Structure formats: C-alpha cells, structure tokens
Amino acid sequence: MAIEHRAYARVGLLGNPSDVYGGRTVSFSLANFWASVALRPSEELVIQPHPTHDLVSFSSIDHLVNRLENEGYYGGVRLLMAICKVFFNYCKQNNIDLRKENFTLSYDTNIPRQTGLSGSSAIVCAALNCLMDFYKVRSLIKVEIRPNLILNAEKELGIVAGLQDRVAQVYGGLVYMDFSKEYMDKMGHGIYKQMDVNLLPPLYLIYAQNPSDSGKVHSTVRQRWLDGEEFIISSMNEVSKLAQKGFNSLLDKNYEELADLMNRNFDLRRKMFGDDALGSLNIRMVLLARSVGAAAKFTGSGGAVVAFCPNGTDQANRLELACKKDGFALERVKVVGSFLSEEECRSLVEF
C-alpha cells in the first residue's frame, strides 16, 4: 500500500537568520508551494530519480552546461538517501525496531528553486513522514526531535542551516520558536509554540522566476559571530528580539508594529551581511515593495520576499503593478494549518 506525504514551503516572518545563532523566529507554512514524497513497498530498496530534477540525459553539451548553471549539480535523490540513513541510525541508537521490508521512494516538488523557501528540507520532511508511517514508528519519535532529524540529514550533505525551516514544516501553521542555548542544551531542541494562523494579516510573496543573482559573495557573518565581534552579536540579538516582539504584536493584532518589525529585520540583515552577499536582485525586490509603502523582508536566505501592505487593497494593487513592471512574480500568501494530530499535540512539551 502506497504512502504519500506533502511538506510545504516555509516563510520566515520575523527573526531569521537568528535561529542559527541561538535566537528566536516566527515562521509559517506556505500552502502555495510544496514537495511530495511517495513510498511504496518493493522487493529492493530503490531511490527513484526525478525525471526533471535529477536529469542525467541531455540533448547536447550546451543543454547540460545550461542546466548546471541554472539548476546546479544536485537534485533530490541525495536528500532521500540522507534521511534514510539518519532515520535508520536514530532508530538503531534508540532501540526502535524496524521490520525488514523494502520500499521505493520517489518525490516531486513545485517549490521554486533558489527562492529561500526551504525546498530541500520540504523533500526531507515529507520523506521522514513516509518512513515513520511505513515502519509504524511515528509515536516513538517525538515531534520536537523530528526537525533535528531533518536538519541532520541536510548536514550529511554539507548544507548549513538552522532549525527554523524544519520546525515550521514538521508542525505546520504559524509557529513561534525560541532556540536559546539553555533550552537547546537542556532538551536538545527549542521551545516551539503554535499560534492561530488567523492572527496573520494578508501577506504577499514576491519572487524572481529565473533568479540569477541570489548573492554571489560568501558571507563572513558566521565566522565574525564565532570570533565574538560585538556588532554582529548585538545585531543578531536584536534580530532575535524582533521575533519576540512580533509574537506579541500578532497576539494583539498590532499590524502597524508588525510592519515596522519586518522592515527592521531586513535592515539589520543588510547591515550585517552587506549588499554583495545579499545580491542585487534580492535587495531590489525588497526596495520595490517599500516603494509602494509595503513592509518587506526575505522569507529565508534570499530569493523571495514576504510583503505586508498595511494600507490595504489599493496598496496591494500598486504592489502588483510594480512587480509586473519589474518582472517579478507576486502571489497572495496562503497559510497551511497545523499538521499535528490531536495525539501528537497532547505529546508536546508544555511551557
């Protein structure tokens, strides 16, 4: 019997990238885009390449080179292999028995590449859900630990990231996250609080359909933070506090303050990382939204922008026209609700 799961794209509303630095974030699952993974029993264990994303046959060398320059070298097969390894090792280390049956894993995704919408972790998250259900061990793997498994699979492949995306994709809906060192050291995970998605105002997603400049210069922020540079540490702490303030702004439906916090989040990121690292295309999307009075910031590391029009429909219409003129895609944000069952919600650690 086939098993299939979806995991959705993620939007970092406030606080990113402080999740990598023991900070806090507010994020939500984006219903506009998703990855799906299917698992069916089979005689041998097979990881099935995607006909488009794992292309190995080309019409010419020009086709091959163009493909690599636009899509990179990696598809989703390596992600599926990595989560299988991490899942197996976790179960072995925690005395969770896995029956000796094989399967075939395949995947599909419509999450635009290089948009900072967590396309890779969505594939891994959907695959983890399939594996837990196939082996009937979902109740044996704590909800709070699942984002760690997803991140560990990506670390196997040299992907540097924080837990924010994976928490949003495991929990679904709107989530406030606190990754403070005291919690991470004590529990092995952060504090994750689900919020009512109806607290969100209307939001918009802006992205380039053919991104060519998503920041070509390697950022030095991580090393400067490790070196104890005061500017980076204090700026990252302020970014973290924006999420804490945003949590209260959403509860109070203080959307004017929310807009200010979103803008401040981007401004701090720009000061820390610099324009060369952020990329001119990414910066242009933010400035375009601000040109009509909208608040705007990156959804993740760049490639897409989340925008809020505090003045309503007329302002949103101006934003749509501006995006169309500059060749950017604009979509009204659709938010997915919580993915957790009642049983899983009851199992969560309360704070």
Side-chain angles (χ1 to χ4, degrees), residues 1-10 19-20 27 29 33-42 44-54 72-111 113 117-172 188-190 192 300 339-340 344:
M1 184 180 188
I3 298 167
E4 185 168 350
H5 280 283
R6 279 185 179 183
Y8 290 83
R10 176 276 307 126
D19 60 310
V20 187
S27 303
S29 294
F33 301 110
W34 62 86
S36 61
V37 172
L39 182 155
R40 67 177 189 277
S42 57
E44 295 185 328
L45 198 157
V46 178
I47 308 295
Q48 192 169 305
H50 191 280
T52 301
H53 304 302
D54 298 291
Y73 286 89
Y74 306 116
V77 165
R78 64 181 188 139
L79 298 168
L80 298 180
M81 288 183 172
I83 189 58
C84 285
K85 177 185 175 183
V86 168
F87 171 78
F88 174 82
N89 286 339
Y90 177 84
C91 291
K92 186 176 180 181
Q93 291 161 8
N94 290 274
N95 299 314
I96 299 172
D97 292 329
L98 302 178
R99 68 180 191 274
K100 298 188 181 302
E101 293 184 27
N102 287 328
F103 54 83
T104 294
L105 275 180
S106 59
Y107 78 97
D108 198 5
T109 180
N110 65 4
I111 301 175
R113 293 176 66 90
L117 293 171
S118 303
S120 294
S121 57
I123 294 171
V124 180
C125 181
L128 175 61
N129 279 315
C130 288
L131 291 169
M132 289 191 296
D133 287 349
F134 178 71
Y135 287 107
K136 296 181 171 57
V137 296
R138 181 174 290 274
S139 63
L140 302 178
I141 301 177
K142 287 174 57 180
V143 174
E144 294 92 340
I145 294 300
R146 295 173 197 171
N148 298 31
L149 299 183
I150 297 167
L151 182 59
N152 288 343
E154 293 174 281
K155 284 181 177 178
E156 286 275 326
L157 305 171
I159 296 172
V160 179
L163 279 165
Q164 170 193 217
D165 305 1
R166 293 93 201 148
V167 173
Q169 289 166 329
V170 166
Y171 280 66
H189 58 80
Y192 312 136
F339 303 143
L340 303 182
E344 287 173 322

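Keep in mind that the numbers below use all heavy atoms, side chains included, and drop hydrogens, waters and symmetry copies. For reference, positions follow the sequence shown, starting with 1. Treat the numbers as computed from the prediction; the structure is a model and nothing was measured.
The two residues Phe134 and Pro41 come nearest to each other via the heavy atoms CE1-CG, 4.2 Å. Val37 approaches Tyr107 most closely through the heavy-atom pair CG2-CB, 3.9 Å. Across all their heavy atoms, Ile141 and Cys91 have their closest contact at CD1-SG, 4.4 Å. Taking each heavy atom of Ala126 and Ala7 in turn, the nearest pair found is N-CB, 3.8 Å. Closest approach of Ala127 to Leu80, counting heavy atoms only: CB-CD2, 3.7 Å.
Contact check for Val167 versus Asp19: no side-chain heavy atoms found under the 4.5 Å cut-off. For the pair Phe103/Leu45, a side-chain contact is recorded, criterion being any heavy-atom separation below 4.5 Å from C-beta on. When side chains are defined from C-beta on, Asn152 does not count as touching Tyr90, because their heavy atoms never get closer than 4.5 Å. Looking at heavy atoms from C-beta onward, Phe339 lies in side-chain contact with Ser29 at the 4.5 angstrom threshold. Annotation: side chain of Met132 is not in contact with side chain of His5 (no heavy-atom distance under 4.5 Å). Ser36 has its side chain within reach of Glu4: a pair of non-hydrogen atoms, C-beta onward, lies under 4.5 Å apart. At a threshold of 4.5 Å between non-hydrogen side-chain atoms, the residues Leu131 and Leu98 do not count as touching.
With values rounded to the nearest 0.5 angstrom, Asp108 atom CG is found 9.5 Å from Trp34 atom CH2. With values rounded to the nearest 0.5 angstrom, Gln48 atom CD is found 6.5 Å from Thr104 atom OG1. Taken to the nearest 0.5 Å, the CD1 atom of Ile96 stands 5.0 Å off from the CG atom of Asn94. Between atom CG of residue Leu163 and atom OG of residue Ser27 there is a gap of 11.5 Å, rounded to the nearest 0.5 Å. Expressed to the nearest 0.5 Å, how far NZ of Lys92 lies from CZ of Phe87 amounts to 14.0 Å. One distance of note links CG of Leu79 with CG of Leu105; it measures 11.5 Å at 0.5 Å rounding.
Side-chain N/O atoms of Ser121 and Gln169 include a donor and acceptor closer than 3.5 Å.
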Next item on the list: Verify side-chain contact (heavy atoms from CB on, under 4.5 Å) between Ser120 and Leu157, making sure each step is shown before the conclusion.
Entry: CA-CA 11 Å; Ser120 294; Leu157 305 171; over 6 Å; no
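Within a 6.0 Å radius of CG in Asn102, other residues, nucleotides and ligands contribute more than 12 heavy atoms.
For residues 141-171, the set of pairs meeting the ring pair (Phe, Tyr, Trp, His ring centres under 6.0 Å) definition, not counting sequence neighbours, comprises Tyr171-Tyr192. Applying the salt bridge (Lys or Arg N to Asp or Glu O under 4.0 Å) test to pairs two or more places apart or on separate chains, those with a residue in residues 121-134 are Asp133-Arg138.
A side-chain contact (heavy atoms from CB on, under 4.5 Å) with Arg166 is found for exactly one of Pro147, Cys125, Ser118, namely Pro147. When each of Val86, Ile123, Leu128 is tested with Ile150 by the rule side-chain contact (heavy atoms from CB on, under 4.5 Å), just one qualifies, namely Leu128.
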